[in-house]
Structure formats: C-alpha cells, structure tokens
Amino acid sequence: MKIATWNVNSIRTRLDHVLQWLDANPVDVLCLQETKVIDADFPRSAIEALGYQIYTSGQKSYNGVALLSRITLETVNAGFAPVVGESVVAFDAQKRVISGICQDLCIVNLYVPNGSEVGSEKYQYKLEWLAILQNYLKTLLSQHPHVLVCGDFNIAPDDRDIHNPAGREMHIMASAAERQALQQSILNLGFVDAFRQFNSEGGQFTWWDYRAAAFPRNMGWRIDHHYLSPNLSPQAKSCVIDKTPRTWDKPSDHTPVIVEL
DNA sequence: ATGGCATCTAACAGATGA
C-alpha cells in the first residue's frame, strides 16, 4: 500500500500537476494540503475519473486538506473535535485536519500552522495547535491498531533537514520550541519518522522557496513527513521524496513524499 | 538587512505563506 503527502498550494491551480502525477504514480491514498478551496468548489471530476474517491475539508483562500483514495475510506473525520471533543472546536475553524480509516489503518492528514515569525501570535497558535494534536493522536492510538500521520508539518526535525542550519535557532520551522512540540506531540507517543528509517543523509528536502532560485540550488527544507505508529513502522518498505513535480512549470513549492507499507 | 516569488481576494494592494 502506497500513501503520499503533497502540499499543492491551491488544488485549482495545481490540478493538472496532480492528475499528471497520479497518472504516473497511482498511489492508494494521496493526502493534499493547502487546497485553498471550499468543498463545493473542489475540482472533483477529473480526479474521480482516475479512480479516486475524494474527501475534503476546505475553506476559502487559505489552508484546506483533502484525501484522495482508490479504496473507500470509513469514518472520515474533519478537524480535532470529532476525536478530542467540543472543547477544541475553536481550533477547527482553520481547516487543517482530516482523517480516514482504511481496514485497520487510521490515516491522518495534517496541515500544521506555519507560525509566521518566532514569538508572533501565529507562532503561539502553532504551539497551542500542536499541544491539541498530542491529545488527538493519543486518542487515535487508543482506538486503532495502526496510525499513519502525514502532511506538511512546517517544522524541520533536525539540522540535516535544513540547507543551511547556521543561525536557524530563531527561524520559523526550526526554533527549539517548535522542535520540542514536534517531539512531545508526535515522537514521544512512539511515532517514527518514516523517511529516516531509510535515509540518514542531509540535503533531502521537500520544500524550496519560490524565491532566490532556491530549488536549482537545493536550498530547501524537509518539512513534509510521514509518521508511523510503533507497531506500523516495522511494516514500512520505503519512503521517498519525488522531486519531479517541483521541476514542472508553475509548480507547488512543495513536492510529494511517498511511503510504502 | 532586505528582498526575492506565488496565491488568494466582493482583488488591482495587501495578507499569507515558509
């Protein structure tokens, strides 16, 4: 079973890229982030024609996540509240979470807040959001034999995941508090970074800034990840970054990451 | 130290992203 994650930076702008990529890479489930469209306007028909069912949680202009699946998913939930409870419903105003069940596997697709600048209000929101994520994942781990959490985490786990780590301690996506939140909310629950099961090298990135010719210079960050629950990680066969779509005309600034179980 | 690039909008400049 192959599952991919891809921040497409607008599904309507990137529809042709998604179709082209799925045609060449018929993964079982594709998790999209930053769809930037309300559910009613999600471009469904061409994706469905490739054999995918579509589950969306979107909003106007910003954020938005979707699951594209060749297998029918059960119990698709949008947001934290269906799992954690109504006390966290305020954090579901921004559409950043969708999950679905495929046999004994719970697949979670996340678009973690960017955080803007270290110390800003949005940074605080990011840290609070990650604290709620911890409760959300604890609950899912208690309910399902296997859990896969993937998406755009907007955090580089360590300095191998940044093209130039010098002076990055106060940089968004690399600050100590963000890395600690990633540790506490995900890794301390036993989740394993699937990519690092197979590749310990630096210079392996999933996002490159549109500016300053960052992609041809490989000045990127590894911020898109797959995390596997403890009893799922031994089942991973591979985890690879596909840089191909980042070379296409008018690309997303992110590129897909595929895990095979 | 700054800006650089892309996407969105009751758009045409400003917010947001990372």
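Everything numeric here is computed off the predicted structure, so don't read it as measured data. In what follows, chains carry the letters A, B, and so on, assigned in the order in which the sequence lines appear, proteins first and then strands, with residues in each chain numbered from 1.
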- Under 6.0 Å between the ring centres of W21(A) and W6(A)? yes

Rounding to an integer number of angstrom, what distance separates dT2(B) and dA6(B) when you compare their P atoms? 22 Å

By side-chain hydrogen bond (donor to acceptor under 3.5 Å, both in side chains), N135(A) pairs with (sequence neighbours left out) none

Looking for any heavy atom pair under 4.0 Å, which part of the strands does N7(A) touch: base, sugar-phosphate only, or nothing? sugar-phosphate

5'-most contact on DNA chain B (nearest-nucleotide basis), E34(A) vs Y210(A), goes to Y210(A)

Does the cation-pi check pass for R70(A) over Y52(A), that is, NZ or CZ under 6.0 Å from the six-membered ring centre and within 45° of its axis?
yes

By nearest-nucleotide position on DNA chain B, the 5'-leaning member of W221(A) and R211(A) is R211(A)

Nt span of DNA chain B in reach of chain A heavy atoms at under 4.0 Å, 5' end first, is dG4(B) to dA18(B)

### Task
Consider only side-chain N and O atoms of N9(A) and Y210(A), and report whether a donor and an acceptor are under 3.5 Å apart.
yes

Q53(A) side chain to Y55(A) side chain, donor-acceptor N/O pair below 3.5 angstrom: yes

Original post:
Once the angle between the rings of Y125(A) and F91(A) is folded into 0 to 90°, is it parallel (under 30°), tilted (30 to 60°) or perpendicular (over 60°)?
Top reply: parallel

Rounding to an integer number of angstrom, what distance separates dG4(B) and dT9(B) when you compare their P atoms?
24 Å

- Message: Say we look at dC8(B) and dA18(B): how far apart would their P atoms be, to the nearest angstrom?
- Response: 14 Å

Sorted by number, residues from residues 113-124 of chain A placing a heavy atom under 4.0 Å from DNA chain B are N114(A), K122(A)

Exactly one of D158(A), T206(A), D193(A) clears side chain to side chain donor-acceptor pair (under 3.5 Å) with R222(A), and that residue is D193(A)

### Message
If only side-chain N and O atoms count, and only distance matters, is there a donor-acceptor pair under 3.5 Å linking S45(A) with E48(A)?
### Response
no

Could you give the distance separating dA1(B) and dA15(B) at their P atoms, to the nearest angstrom? 23 Å

### Task
Determine the Euclidean distance between corresponding P atoms of dT16(B) and dC12(B); express it in Å to zero decimal places.
15 Å

- Message: Under 4.0 Å, counting only non-hydrogen atoms across every strand here, what does F215(A) touch: a base, just sugar-phosphate, or nothing?
- Response: nothing

Answer with base, sugar-phosphate or nothing: what part of the nucleic acid does K250(A) contact at a heavy-atom distance below 4.0 Å? nothing

- Query: Cut-off 3.5 Å, side chains only: do T5(A) and Q33(A) have a donor facing an acceptor?
  - Reply: yes

